Structure formats: C-alpha cells, structure tokens
K.L.:
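The structure's right below; bear with me while I get my questions together.
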Amino acid sequence: MKETMPSQDSICRICCRGIYSCHWSQRTKRERRRQRCPCCWFLILSVVSLLTIFWMYVCLMAVNDQDDVNWFAFSKLKKRIEWINWFMVVVVVAAVLVTYCCLLLLFALFQVALREPLELHWIHKVFLFLAVLIIAGGIAGITFKWKEEWTTVHLSLQATAPFLQLGGVVALTLLSSFVFQRVVRSQRGVSRFIIMVAFVVVSAAIFLCPLAITSPCLLDKPPEKPALIGHRGAPMLAPENTLMSFERSVKCDVMAFETDVQVSKDGVPFLMHDDDSVRTTDVAKIFEGREFNKSSSFTWAELLKLNAGEWFIRTDPFGTVSSLSEQEKAIAKNQSIPSLAELLTLAKKSNTSLIFDLKNEAHNNSDWSHAVDTILKSNISHAQVLWLPSTHRDEVKEKAPGFQHVYSNKTQMDLERGNWLNLKYNTVDSKNIKELRARNISVNLWGVNEPWLFSLLWCSGASSVTTNACHRFKDMNEPIWYMSPNRYKIIWISVDVASVLLMLMLFLLQWKHRQRNRSALWNQAELHPFLPSN
Ligand SMILES: *[C@@H]1O[C@H](CO)[C@@H](O)[C@H](O)[C@H]1NC(C)=O
Ligand SMILES: *[C@@H]1O[C@H](CO)[C@@H](O)[C@H](O)[C@H]1NC(C)=O
Ligand SMILES: *[C@@H]1O[C@H](CO)[C@@H](O)[C@H](O)[C@H]1NC(C)=O
Ligand SMILES: *[C@@H]1O[C@H](CO)[C@@H](O)[C@H](O)[C@H]1NC(C)=O
C-alpha cells in the first residue's frame with residue numbers, strides 16, 4: 001500500500017497540483033518543508049470561498065433593485081456618461097470571483113483526496129486577497145450608501161432559507177468524507193479532537209437551523225394573487241412613461257397605471273419621472289444647452305418636439321430590447337412624451353385605474369389643481385383615480401370627492417381614516433401586512449420585480465404590487481413555492497436523518513480502511529507505519 005507516498009504521477013495528480021500550486025513536478029522533501037502553513041492557506045481559501053458565495057447571493061437578491069444602483073450611478077455621473085448598466089458589471093465580477101474561488105477549493109479537495117501536499121501558489125494568494133478587497137468594498141458600499149438593501153437580503157432568506165439549508169446538508173455530507181479522512185489519519189489526539197468538535201458543531205447548526213426558519217410561504221393555502229400595477233407602464237418592454245409602455249401593461253392585465261406627472265410651463269400636465277428630460281428624451285439634440293433645465297420649464301409645444309423612445313433602444317436599460325420585434329422597436333423609436341389627458345383616455349378605454357406622483361410639486365404650488373382639472377375634464381370614473389400626492393389633500397377632497405386616497409404614511413392614513421397604503425416592499429414585514437389586511441386596508445408594495453419577491457409578498461397577503469415586470473407575473477397561478485409547515489418539518493427531518501446515516505457510513509468506511517492499512521503495514525513489519533500526514 002503506497003497511498004501516502006505517491007511514486008508515480010497520474011495526469012489527474014499533475015493537473016491538480018499544477019493548478020493549485022503551479023508546480024507540475026513533484027517537489028522534494030526540502031522544498032516542501034520550506035512551505036509554511038499549507039493548512040492555514042487551505043482554511044483561508046475556504047473562508048474566502050464562503051465569502052464569495054455570500055457576495056454572489058447578495059448580488060443575486062439585489063437584482064430586484066438593480067435600477068436603483070444604475071439610477072444612482074447615472075445621477076452621479078450624469079454630465080459625463082450616459083446610462084450604463086453598472087449593476088450587471090457588479091454581478092459579472094461577483095460571478096467571476098465565486099467561480100474562481102470555488103474551483104480552487106475544489107482542486108484543494110482533490111489534492112487532499114489524492115494525498116498530495118497542499119501548497120497554494122503565491123499568485124493564487126494575491127488573487128484571494130484581491131477578492132477579499134473587492135467584496136469588502138462592495139459590502140462597505142451597501143452598508144454606507146444603500147443600507148435598506150440589507151433588509152432585502154434578510155427578507156430574501158424567507159424565500160430561500162429552506163433551500164439553502166437543504167443545500168447545506170448536501171454539501172456537508174459530501175465534505176464529511178474529507179473531514180473523516182483527516183480525523184482518521186491524524187496522529188495527534190488534540191487535533192483530531194478539535195476537528196471533530198468543530199465538525200459536530202457546524203453540522204448541528206446546519207441540521208437544526210430549520211427550527212429558526214420562518215417564512216410566510218409555510219402555509220396551507222396561499223391568499224389571493226396580488227393585483228399588478230405597472231410602474232411607468234411596462235418599462236422593460238417599452239420606453240417608460242410613454243403610451244406604448246402603458247398599452248403594453250394593459251396586455252398584462254394591470255389593475256392600475258403608475259406614473260409621474262409634471263406640469264409644463266403653460267399648464268399642461270404631462271408624464272415624466274426625472275426633473276430634467278436628458279435621460280429619457282433627445283433634448284440634448286433638440287434644445288442644445290437647455291438639456292439640464294427642468295422639464296417643467298418647457299412649454300407643451302416644445303415638449304412635443306422631443307423623442308421619448310430612442311434612448312430606450314439605444315441604452316437598453318433592462319437588457320430586454322433584444323426580445324422586442326422589429327415592429328415594436330420601430331414603434332418604440334417613435335414615442336413622444338404623453339400628456340396626462342392621453343393617459344386618462346387610455347385608462348378609461350381599458351378600465352384601468354391610475355396612481356401617480358406629482359414631481360416638482362414643491363416648486364409649483366398649483367400643479368395639483370392642473371392635474372385635478374385635467375382628470376375632471378376627462379370624465380373618467382372617480383373611483384379609478386388613486387390620489388397619492390400628500391400635499392393639498394383636503395383641497396383635492398373638496399374638488400373631487402370621489403377619488404380614492406392612497407397614503408405612504410400609516411399614521412397619516414389612520415388619522416384621516418384612509419384604507420389604502422402604498423409602501424416600499426422592504427419597509428413592512430409579513431406580520432404587518434396581515435394585520436393591515438385584516439383591517440380591510442389595501443396594501444400596495446412598490447419595487448417588486450423578481451418572481452421570488454412577488455411570491456413572498458403573495459404569501460404575505462399583499463393586495464397589489466407596483467412592478468417593472470408585469471409580463472413576468474401575469475401568468476403566475478401560484479407562488480413559486482409554498483408548503484404546509486408540517487410537510488416542511490417532515491422533509492427537513494428526513495433529509496437530516498438520511499445525511500446523518502450516510503455520514504456514519506462514510507466514517508466507518510474510512511475507519512475500516514485505515515485499520516486495514518495499518519495491519520497490512522504491521523504485517524510487513526515496516527518501521528514507519530505512521531507516515532506524516534499531509
Ligand atoms: C410616428 O409617429 C407619428 C405621429 O405620432 C406618425 O405620424 C408616424 O406615422 C409614426 N411613424 C411610424 C414609423 O410609426
Ligand atoms: C372596471 O373594473 C372594475 C374593478 O376593477 C369593475 O368592478 C367594473 O365592472 C369594470 N367595468 C367594466 C365596464 O368592465
Ligand atoms: C407620518 O405622519 C405623521 C402624522 O402626520 C407624522 O408625524 C410623521 O412624521 C410622518 N412620518 C413620516 C415618516 O413622514
Ligand atoms: C372586512 O371586509 C369583510 C368583507 O368585505 C367584512 O366581512 C369584515 O367585517 C371587514 N372587516 C373589518 C375589520 O372591517
């Protein structure tokens with residue numbers, strides 16, 4: 001039995017060694033002794049790999065809010081660069097890091113299995129250090145500039161924790177074989193004991209964490225599906241806040257259009273989100289020098305000259321333009337800024353409600369009355385208007401008593417006996433949502449773009465969500481997953497038990513193997529039965 005002292009090199013060995021330590025030939029004993037602390041580097045590699053996996057997870061969960069990142073970068077760099085999907089860059093970097101670290105870890109485990117020495121090449125050490133730096137930068141960025149995203153990551157655990165736990169059990173079972181090999185071959189009782197205790201503690205934590213897992217989707221029957229509200233229409237399928245965008249959202253059966261209203265210099269309410277029109281129109285070309293002026297400083301006749309769709313095809317803000325047909329692209333390129341009156345006509349025709357914010361309100365005190373006049377003139381049913389702007393609410397109630405009033409502030413809603421709440425999805429938990437719904441209050445949650453989040457809020461009982469991605473949710477008939485708490489209990493307990501049994505088996509196998517080797521060596525009367533463990 002020569003397994004502890006490989007004499008002949010197989011391709012696999014050479015490859016593994018080459019990638020991990022950048023030495024293609026076996027090293028002499030002296031060279032090996034020079035290498036300091038190979039096990040420490042293995043530990044560091046494991047920790048960095050876990051860190052990259054964590055970072056990848058954070059990035060994937062933040063995809064729902066990618067527009068916030070891109071918008072932030074755009075507004076900071078506005079005068080120099082046009083819209084770039086920075087978030088995609090972050091995700092690609094994270095994917096590269098996680099692939100690199102996990103592959104390296106895999107090769108390290110092969111090295112262990114092949115009983116080769118673990119010598120990490122310095123270039124890998126440098127890369128690992130870089131990975132830690134990049135991730136630390138990312139985590140610091142979120143913590144200082146985007147704190148609420150941690151709430152989203154926390155929330156996401158309610159959707160993913162059961163699966164992460166199952167994945168953890170599988171990974172643990174696979175890794176246990178390596179750990180047992182180490183333990184069985186370890187010479188010193190102390191290190192054997194430490195490894196074993198650490199392993200048992202980690203295993204117990206992974207096996208028992210379902211006791212701490214709560215999820216609104218652990219239920220017998222999900223509540224009614226939340227209605228959809230198209231955020232600026234369907235901005236993934238057409239340029240935001242254009243008639244094309246709202247028409248596309250009608251095809252998703254949205255309950256309401258969400259939009260942003262501003263009033264032109266000559267008193268015409270029109271639809272635009274940003275204070276200026278540089279992102280979503282060709283104003284820089286048509287009115288050179290005025291591109292950073294407020295959109296509300298233009299007359300309606302001037303605004304009509306702007307193209308509000310070419311930017312969408314050019315910058316592809318959601319990476320979705322390739323899914324559009326040629327005809328759709330041509331229509332998108334030919335969009336102009338719509339007036340509120342045009343949207344009201346569409347809302348009336350399609351029996352869709354309307355919810356909007358007034359932009360620039362602080363500056364133009366009479367915007368609300370222009371908006372209300374336009375709505376009254378359109379003859380739309382008042383019940384279809386969800387009035388969100390919080391200033392001048394009393395005047396609006398007097399002028400148009402039939403509007404439904406929507407609040408962003410729960411205290412204010414309770415004061416005015418409202419029954420419609422509009423909140424960002426990560427500012428309220430499922431318990432609050434259930435309480436509000438029990439009081440017959442409609443709860444709309446905005447910023448919901450990914451199916452996992454939609455499912456979670458569906459389980460929590462939200463009455464509607466505002467989304468960029470109505471086309472993704474339109475055909476969902478139930479949440480991605482839900483199951484009764486008892487069923488989940490049975491699943492995790494049986495998986496845990498199966499894993500424990502498998503581990504016991506692996507341990508006994510390793511033990512037997514070792515015993516057999518030892519007696520074989522004794523029988524051959526070798527003097528050094530205990531070769532140094534690598
Ligand atoms: C573009 O829009 C204008 C008016 O909105 C219309 O007259 C013209 O036919 C449209 N062109 C295309 C290619 O759709
Ligand atoms: C319009 O929608 C409301 C509820 O969304 C519904 O009660 C009403 O019957 C609809 N009207 C028509 C004409 O479809
Ligand atoms: C909500 O409204 C109450 C009552 O008007 C006010 O005191 C409070 O500051 C508001 N909260 C926020 C976050 O605006
Ligand atoms: C909520 O509405 C339902 C039916 O629409 C009614 O039965 C229930 O009493 C209401 N609950 C409250 C707290 O008003």
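Model, not experiment: these values are computed from the prediction.
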K.L.:
Would you say K348's side chain and S378's backbone share a donor-acceptor pair under 3.5 angstrom?
P.N.:
yes
K.L.:
Do L211 and W492 make a side-chain contact, defined as non-hydrogen atoms from C-beta onward lying under 4.5 Å apart?
P.N.:
yes
K.L.:
For a side-chain hydrogen bond (donor to acceptor under 3.5 Å, both in side chains) with D274, tell me which candidate from K359, Q262, R279 qualifies.
P.N.:
R279
K.L.:
Just checking, any donor-acceptor pair under 3.5 angstrom between side chains of S264 and T299?
P.N.:
no
K.L.:
Do L343 and P338 come close enough that some side-chain heavy atom pair is under 4.5 Å?
P.N.:
no
K.L.:
Do N293 and F298 make a side-chain contact, defined as non-hydrogen atoms from C-beta onward lying under 4.5 Å apart?
P.N.:
yes
K.L.:
Between E302 and R290 (salt bridge meaning N to carboxylate O under 4.0 Å), is one present in this structure?
P.N.:
yes
K.L.:
Charged N to carboxylate O below 4.0 Å: is that the case for K305 and D282?
P.N.:
no
K.L.:
As a quick check of understanding, evaluate side-chain contact (heavy atoms from CB on, under 4.5 Å) for V396 and W368, giving each step before the final call.
P.N.:
CA-CA 8 Å; V396 173; W368 68 273; 3.7 Å; yes
K.L.:
Got a donor-acceptor contact below 3.5 angstrom from the S499 side chain to the V495 backbone?
P.N.:
no
K.L.:
Do D276 and S295 have a side chain donor and acceptor closer than 3.5 Å?
P.N.:
no
K.L.:
Indicate the atoms forming the closest heavy-atom contact of V283 with V278, along with that distance.
P.N.:
CG1-CA, 3.7 Å
K.L.:
Using side-chain heavy atoms (C-beta onward) and a distance below 4.5 Å, is L306 in contact with S277?
P.N.:
yes
K.L.:
Kindly say whether S350 contributes a backbone atom to a donor-acceptor pair with the side chain of T352 at under 3.5 angstrom?
P.N.:
yes
K.L.:
State, with a plain yes or no, whether a side-chain heavy atom of D496 is found less than 4.5 Å away from one of V169.
P.N.:
yes
K.L.:
Inspect the surroundings of NZ in K285 and state if more than 12 heavy atoms from other residues, nucleotides or ligands are less than 6.0 Å away.
P.N.:
no
K.L.:
Could you check whether any side-chain N or O of S463 sits under 3.5 Å from a backbone N or O of V443, counting only pairs where one atom can act as donor and the other as acceptor?
P.N.:
yes
K.L.:
I want to check something: taking the side chain as every heavy atom from C-beta on, are I491 and M483 in contact at a cut-off of under 4.5 Å?
P.N.:
yes
K.L.:
Just wondering, more than 12 heavy atoms not from W481 lying within 6.0 Å of its CH2?
P.N.:
yes
K.L.:
With a 6.0 Å cut-off (strictly less than), is the heavy-atom count around NZ of K399, excluding the residue itself, greater than 12?
P.N.:
yes
K.L.:
Mark yes when over 12 heavy atoms from residues, nucleotides or ligands other than K431 sit less than 6.0 Å from its NZ; otherwise mark no.
P.N.:
no
K.L.:
Can a donor-acceptor pair be found between the side chains of Y488 and S215 at a distance below 3.5 Å?
P.N.:
no
K.L.:
For E328, run the salt bridge (charged side-chain N to carboxylate O under 4.0 Å, His left out) check against K251, K333, R248 and tell me which one passes.
P.N.:
R248
K.L.:
Would you mind reporting whether M272 and I337 have side-chain heavy atoms less than 4.5 Å apart?
P.N.:
yes
K.L.:
Is it true that W458 and Y482 have ring centroids separated by less than 6.0 Å?
P.N.:
no
K.L.:
Locate the shortest heavy-atom distance separating A73 from W86; write the atom from each residue and the value.
P.N.:
CB-CD1, 3.2 Å
K.L.:
If you draw a 6.0 Å radius around CZ in F163, do more than 12 non-hydrogen atoms from other residues or ligands fall strictly inside?
P.N.:
yes
K.L.:
Give me the atom names and distance for the closest heavy-atom approach of I213 to Q165.
P.N.:
CD1-CB, 4.4 Å
K.L.:
Could you give me the CA-CA distance, side-chain angles and deciding distance for L388 and Y407, then say whether side-chain contact (heavy atoms from CB on, under 4.5 Å) is met?
P.N.:
CA-CA 6 Å; L388 182 62; Y407 297 82; over 6 Å; no
K.L.:
Compute both the distance and the angle, then confirm whether R232 meets the cation-pi test with F356: under 6.0 Å from the six-membered ring centre, within 45 degrees of the axis.
P.N.:
no
K.L.:
Minimum heavy-atom separation for Q335 and L243, please, with both atom names.
P.N.:
OE1-N, 3.7 Å
K.L.:
Any idea which heavy atoms bring C101 and S49 closest together, and the distance?
P.N.:
O-OG, 3.4 Å
K.L.:
Quick one: does any side-chain atom of D266 pair with a main-chain N or O of W300 as donor and acceptor, under 3.5 Å?
P.N.:
yes
K.L.:
Have a look at N426 and tell me which of T152, N64, D65 forms a side-chain hydrogen bond (donor to acceptor under 3.5 Å, both in side chains) with it.
P.N.:
T152
K.L.:
Might you work through the side-chain contact (heavy atoms from CB on, under 4.5 Å) test for V465 and I229, ending with a clear yes or no?
P.N.:
CA-CA 6 Å; V465 300; I229 296 184; over 6 Å; no
K.L.:
Return the orientation label for the F403 and H382 ring planes: parallel under 30°, perpendicular over 60°, tilted otherwise.
P.N.:
perpendicular
K.L.:
Locate the shortest heavy-atom distance separating G309 from P239; write the atom from each residue and the value.
P.N.:
CA-CG, 3.7 Å
K.L.:
Taking atom types as modelled and ignoring hydrogens, do the side chains of S408 and N422 form a donor-acceptor contact shorter than 3.5 angstrom?
P.N.:
no
K.L.:
Does the side chain of E342 come under 3.5 Å of the side chain of S339 through a donor N or O and an acceptor N or O?
P.N.:
yes
K.L.:
For S464 and P226, indicate whether the former's side chain and the latter's backbone hold a donor-acceptor pair under 3.5 Å.
P.N.:
no
K.L.:
Please lay out, stage by stage, how H273 and N241 fare under the test side-chain contact (heavy atoms from CB on, under 4.5 Å).
P.N.:
CA-CA 8 Å; H273 175 267; N241 278 338; 4.1 Å; yes
K.L.:
For a quick check under 3.5 Å, do Y425 and N449 share a side-chain donor-acceptor pair by atom type?
P.N.:
no
K.L.:
Do T143 and W150 have side-chain N/O donor and acceptor atoms under 3.5 Å apart?
P.N.:
yes
K.L.:
Counting only heavy atoms not in Y57 (residues, nucleotides, ligands), do more than 12 fall under 6.0 Å from its OH?
P.N.:
yes
K.L.:
Between E416 and K397, is there a side-chain N and carboxylate O pair less than 4.0 Å apart?
P.N.:
yes
K.L.:
Suppose the criterion is salt bridge (charged side-chain N to carboxylate O under 4.0 Å, His left out): which pairs have a residue in residues 317-326, not counting sequence neighbours?
P.N.:
E326-K329
K.L.:
Does the Lys NZ or Arg CZ of R472 fall within the cation-pi geometry relative to F454 - under 6.0 Å from the ring centre and within 45° of the axis?
P.N.:
no
K.L.:
With sequence neighbours left out, which residue pairs that include part of residues 205-260 fulfil the ring-ring contact (aromatic ring centres under 6.0 Å, His included) condition?
P.N.:
F246-F257
K.L.:
I'd like to know if K377 and D373 make a salt bridge, using a cut-off of under 4.0 Å between side-chain N and carboxylate O.
P.N.:
no
K.L.:
With no hydrogens and no angle check, is any side-chain donor or acceptor of S245 less than 3.5 Å from a backbone partner on A234?
P.N.:
yes
K.L.:
Just wondering, do E240 and N468 contact through their side chains at under 4.5 Å, heavy atoms?
P.N.:
no
K.L.:
Tell me yes or no: between the side chains of T466 and N444, is some donor less than 3.5 Å from an acceptor?
P.N.:
yes
